[in-house]
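Just the heavy atoms: all of them, side chains too, but no hydrogens, waters or symmetry mates, feed the values below.
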Amino acid sequence: MGDSGGSVVSVDVERISFGGKEHHIQTNHGSVSVAVYGDHDKPALITYPDVALNHMSCFQGLLFCPEAASLLLHNFCIYHISPPGHELGAAPISLNIPIPSVDYLADQVADVLDFFGLGSVMCLGATAGAYILTLFAAKYRERVLGLILVSPLCKAPTWAEWFYSKMESNLLYYYGMCGLVKESLLQRYFSKEVRGCSELPESDIVQACRSFLDQRQNMNVWRFVQTMNGRYDLTEELEQLQCRTLIFVGENSEFHAGAVHMTSKLDRRYCALVEVQGCGSLVTEEQPHAMLIPLEYFFMGYGLYRPSQLDSSPRSTLSPFCISPELLSPESMGVKLKPIKTRARLEV
């Protein structure tokens, strides 16, 4: 592991499932928890979750999907970065510590790469986490080979969103993870079909997420909400991105319009939007199987395959220049395969 010239210190605190290990790292931009899964010699995949979630609640569904797990764990060493205070067993962050900006968190990602001695990486982020990793890609272009974004944010909050988030923040601050806050977050993550109604019970994934939210440190979640309320528009930065980008969004996601806007601003040669029918924002949990075919085609351009298609484990550096644009065409991305619907880039 790298130590970034002695500026970061890691303390390994516990073993976790699938042979992973959690590291608490003190960086130039505060402390951060990183759970590492896999062989360090493999290419790196960095993940960043949405508000109030960590890797166990945001990406577990994808990694528990056997085909997707074999694709990802066979080809990558996965580094799950938690937003400050969102890791399992996190202590409350002192109110005396300033609330970080989105730039601060993007720079923190760079510190994590420095600590582990990583060069260029693949990135997977969900909603707020997608914004942080997109900003990271804009600031450190040479360090990002590809972006996989799930229901991403890329614009500053609208007045309506800002006001709604402000109310949510006030509830978190004064009442903690109360029923209204939990329902708001579950609506953010999932479609009505899995959230249930008077005739249908909640699905298992929503029940598990509800239970997980009960274990959150309220003020730590409040801090991340405040951070994301202060985000700025990345539209101009998107036009300068040079990496391949694969965007997933549920057709029922409240962030659907933002994902379409983001796709319209990225280079049409290197970007694809996959709309997942009957799904909310958190595609990784609600319909992770819908991500498999697009991910397979996306990774093929880097020479990465599922174990059945490749005998040896990949250990070479990824090259972003070997992806053929046709691999990201609607035909290649599985437009005819339900529940996936692929939208070509919209001209503006």
Using the rule given for side chain to side chain contact (heavy atoms under 4.5 Å, CB included), can you reason through Ser191 versus Glu286, listing the C-alpha separation, both sets of side-chain angles and the distance that settles it, and then say yes or no?
CA-CA 8 Å; Ser191 66; Glu286 190 169 341; 2.4 Å; yes
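When ring centroids are compared, Phe299 and Phe76 come within the 6.0 Å threshold.
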Please report, to 0.1 Å, the donor-acceptor pairs under 3.5 Å made by any side chain of residues 65-73, with sequence neighbours excluded.
from: Ser70; atom 1: OG; to: Pro66; atom 2: O; distance (Å): 3.4
from: Ser70; atom 1: OG; to: Glu67; atom 2: O; distance (Å): 2.8

Distance-only check: which donor-acceptor pairs under 3.5 Å involve side-chain atoms of residues 177-184, not counting sequence neighbours?
from: Lys182; atom 1: NZ; to: Asp214; atom 2: OD1; distance (Å): 2.6
from: Glu183; atom 1: OE2; to: Arg210; atom 2: NH1; distance (Å): 2.7
from: Glu183; atom 1: OE2; to: Arg210; atom 2: NH2; distance (Å): 2.8
from: Ser184; atom 1: OG; to: Tyr164; atom 2: OH; distance (Å): 3.3
from: Ser184; atom 1: OG; to: Glu168; atom 2: OE2; distance (Å): 2.6

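Formation of a donor-acceptor pair under 3.5 Å by the Asn220 side chain with backbone atoms of Pro84 is not found in this model. In this structure, Thr227 contributes its side chain and Pro100 its backbone to a donor-acceptor pair below 3.5 Å. One N or O on the side chain of Ser281 and one on the backbone of Arg188 form a donor-acceptor pair closer than 3.5 Å.
Under the side-chain contact (heavy atoms from CB on, under 4.5 Å) test applied with Trp222, the options Ile93, Leu171, Ile99 reduce to a single match, Ile99.
Within 6.0 Å of atom OH in Tyr173, 12 or fewer heavy atoms from other residues, nucleotides or ligands are found, so the atom counts as exposed in its surroundings. In this structure, Glu236 places its CD atom where only 12 or fewer heavy-atom neighbours from other residues, nucleotides or ligands lie under 6.0 Å away.
Between Phe224 and Ala128, the closest heavy-atom pair is CZ-CB, 4.0 Å. Ala90 and His86 make their closest contact through CB-N, 4.4 Å (heavy atoms, listed as atom of the first residue, atom of the second, distance).
Applying the salt bridge (Lys or Arg N to Asp or Glu O under 4.0 Å) test to residues at least two apart or on different chains, none of the pairs has a partner in residues 118-134.
Looking at Phe248 and Ile148, their side chains come closer than 4.5 Å, going by heavy atoms from C-beta outward.
A side-chain donor-acceptor contact under 3.5 Å links Tyr140 and Asp107. Side-chain contact of Asp233 with Thr235: a donor-acceptor pair under 3.5 Å is present, judged by distance alone.
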